[in-house]
Amino acid sequence: MSKIPIQYYLNDDVVYLAKDLIGKYLFTKIDGKRLTGGIITETEAYAGITDKASHAYNNRRTKRTEVMYNKGGDAYVYLCYGMHALFNIVTNKKDIPHAILIRAIHPTEGIELMLQRAGKTKITKEFANGPGKVAKILGITTIHSGIELTNNTIWLEDKGIVFNNSEIETTTRIGVDYAKEDALLPYRFKVDFSIANKYNF
DNA sequence: CGGCCGATCCACT
DNA sequence: GTGGATCGGCCGA
């Protein structure tokens, strides 16, 4: 067990962290018994009060976004389009509302349970390639917003997987056209399914 | 209090 | 590649 410690999440460079999270393991044990998880293969950085794409832009504080102002290492989960839970990791110090959206994983642990949660029978490259799907197969819902990732419900581990820099694609973020010039920032990082797959984790 | 819409996904063509 | 599902959060009145 090599759970990532709280200090990791306090780093003040959210874009660096978003890229560094590629290759880390994300695990959940929602019912306290059964483990599910996989390797993070896609992330997006949301850089706080100066980032027009962030829920915390212009220091906006609401009941929903309040957990983004916690110190790094908490989960921020919110509902999108009325039906999809989206899982984010809060980073940086208290009152600096940075967060990283986990957009895709490469499933490795608890495959049967994850297939069951998704209502699928086999793993394809489409299985865990969107943020709504990731939360669904891991059993994450909005009730988990605000919990600490150093506990045993949702946590990350570093097992030493490092992708080559050339294997990590950097692009603009998805679905943030409303953020105008900030929609052009290179804050999305992803490893293609076929690349993660060839390592045969 | 009413109305708009989103850090999406899937079925269907 | 397109449109419908579906609802909490947010804003303006």
Side-chain angles (χ1 to χ4, degrees), chain A residues 9 13-22 24 26 36 38 40-70 72 74-92 96-107 114-147 149 154 156 168-191 193:
Chain A
Y9 302 106
D13 187 343
V14 69
V15 178
Y16 164 81
L17 276 184
K19 184 170 182 177
D20 195 66
L21 281 171
I22 301 290
K24 302 292 189 286
L26 172 60
T36 49
I40 294 170
T41 55
E42 184 177 340
T43 61
E44 281 177 3
Y46 286 84
I49 64 173
T50 59
D51 180 356
K52 289 180 178 162
S54 171
H55 290 165
Y57 174 62
N58 206 18
N59 216 32
R60 189 169 47 165
R61 301 182 87 119
T62 67
K63 189 171 183 182
R64 176 178 71 152
T65 62
E66 194 59 33
V67 304
M68 296 181 78
Y69 293 82
N70 294 352
D74 283 4
Y76 171 47
V77 187
Y78 73 95
L79 194 67
C80 187
Y81 292 96
M83 58 185 93
H84 304 294
L86 271 58
F87 170 69
N88 301 252
I89 296 171
V90 176
T91 71
N92 213 320
I96 302 179
H98 289 181
I100 298 167
L101 173 66
I102 305 301
R103 293 190 56 86
I105 66 171
H106 189 80
M114 291 195 289
L115 285 169
Q116 184 186 325
R117 283 172 176 151
K120 297 286 184 347
T121 55
K122 62 175 190 175
I123 303 289
T124 67
K125 66 176 164 54
E126 317 290 332
F127 180 66
N129 70 342
K133 297 179 187 178
V134 168
K136 184 172 187 180
I137 65 177
L138 293 177
I140 297 171
T141 69
T142 52
I143 67 170
H144 298 112
S145 198
I147 71 170
L149 302 176
I154 306 172
L156 278 73
I168 302 177
E169 189 183 353
T170 303
T171 72
T172 55
R173 294 170 292 185
I174 302 295
V176 295
D177 293 347
Y178 61 87
K180 301 188 177 166
E181 71 275 14
D182 286 347
L184 302 175
L185 294 168
Y187 281 4
R188 175 178 177 229
F189 304 96
K190 70 172 299 202
V191 171
F193 181 86

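Residue numbers start from 1 in every chain, and the chains themselves are labelled A, B, ... in the order their sequence lines are given, proteins ahead of strands.
Within the structure, salt bridge (charged side-chain N to carboxylate O under 4.0 Å, His left out) contacts touching residues 171-185 of chain A (residues at least two apart or in different chains) are A/D51-A/R173, A/K52-A/E181. The list of salt bridge (charged side-chain N to carboxylate O under 4.0 Å, His left out) pairs with a residue in residues 120-142 of chain A, not counting sequence neighbours, is empty.
The OH-P distance, from A/Y57 to B/dA7, rounds to 15 Å in whole Å. Computed from coordinates, the A/R188 CZ to B/dA7 P distance equals 15 Å when rounded to whole Å. Distance CD1 (A/I137) to P (B/dT8): 16 Å, rounded to an integer number of Å. Remark: P of B/dT8 and CG of A/L86 are 6 Å apart, rounded to the nearest angstrom. The nearest whole Å value for the distance from the NZ atom in A/K52 to the P atom in B/dA7 is 16 Å. Rounded to whole Å, the distance from CD1 on A/I89 to P on B/dA7 is 19 Å.
B/dC5 and C/dG3 have their C1' atoms separated by 16 Å, with the value rounded to a whole Å. Between C/dG1 and B/dA7, the distance separating the two P atoms is 23 Å to the nearest Å.
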N/O donor-acceptor pairs under 3.5 Å from side chains in residues 77-91 of chain A, not counting sequence neighbours:
unit_1 : atom_1 : unit_2 : atom_2 : d
A/N88  : ND2    : A/Y76  : O      : 3.2
A/N88  : ND2    : A/L86  : O      : 3.3

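Side-chain atoms of A/S145 and A/T142 include no donor-acceptor pair closer than 3.5 Å.
Remark: A/Q116 CD to A/I137 CD1 distance equals 13.0 Å, nearest 0.5 Å. In this structure, A/I105 CD1 and A/T36 OG1 are separated by 7.5 Å, a value rounded to the nearest 0.5 Å.
Inter-residue side-chain proximity for A/Y46 and A/V176 is flagged as met; some heavy-atom pair is nearer than 4.5 Å.
The two residues A/P131 and A/L101 come nearest to each other via the heavy atoms CB-CD1, 4.0 Å. Between A/S54 and A/P97, the shortest heavy-atom contact is OG-O, 4.5 Å.
Without hydrogens or angle criteria, A/K19 side chain to A/V15 main chain gives no donor-acceptor distance under 3.5 Å.
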Might you list the N or O atoms of the protein lying below 3.5 Å from N or O atoms in nucleotides 10-13 of chain B, with each pair's distance?
unit_1 : atom_1 : unit_2 : atom_2 : d
B/dC10 : OP2    : A/K133 : NZ     : 3.3

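In this structure, A/Y76 does not reach the B/dA7 phosphate: none of its side-chain N or O atoms is under 4.0 Å from OP1 or OP2.
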Passes side chain to side chain contact (heavy atoms under 4.5 Å, CB included), A/F127 versus A/L115? Steps please.
CA-CA 9 Å; A/F127 180 66; A/L115 285 169; 3.9 Å; yes
Nucleotides 3-13 of chain C: protein proximity per nucleotide (B base, S sugar-phosphate only, - neither; heavy atom, under 4.0 Å):
--BBBSSSS--
Symbol by symbol from the 5' end, with Watson-Crick or G-U pairs under 3.5 Å, [ ] crossing and | another strand, DNA chain B is ||||||.|||||.
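Counting any heavy atom pair closer than 4.0 Å across all strands shown, A/L101 reaches a base atom.
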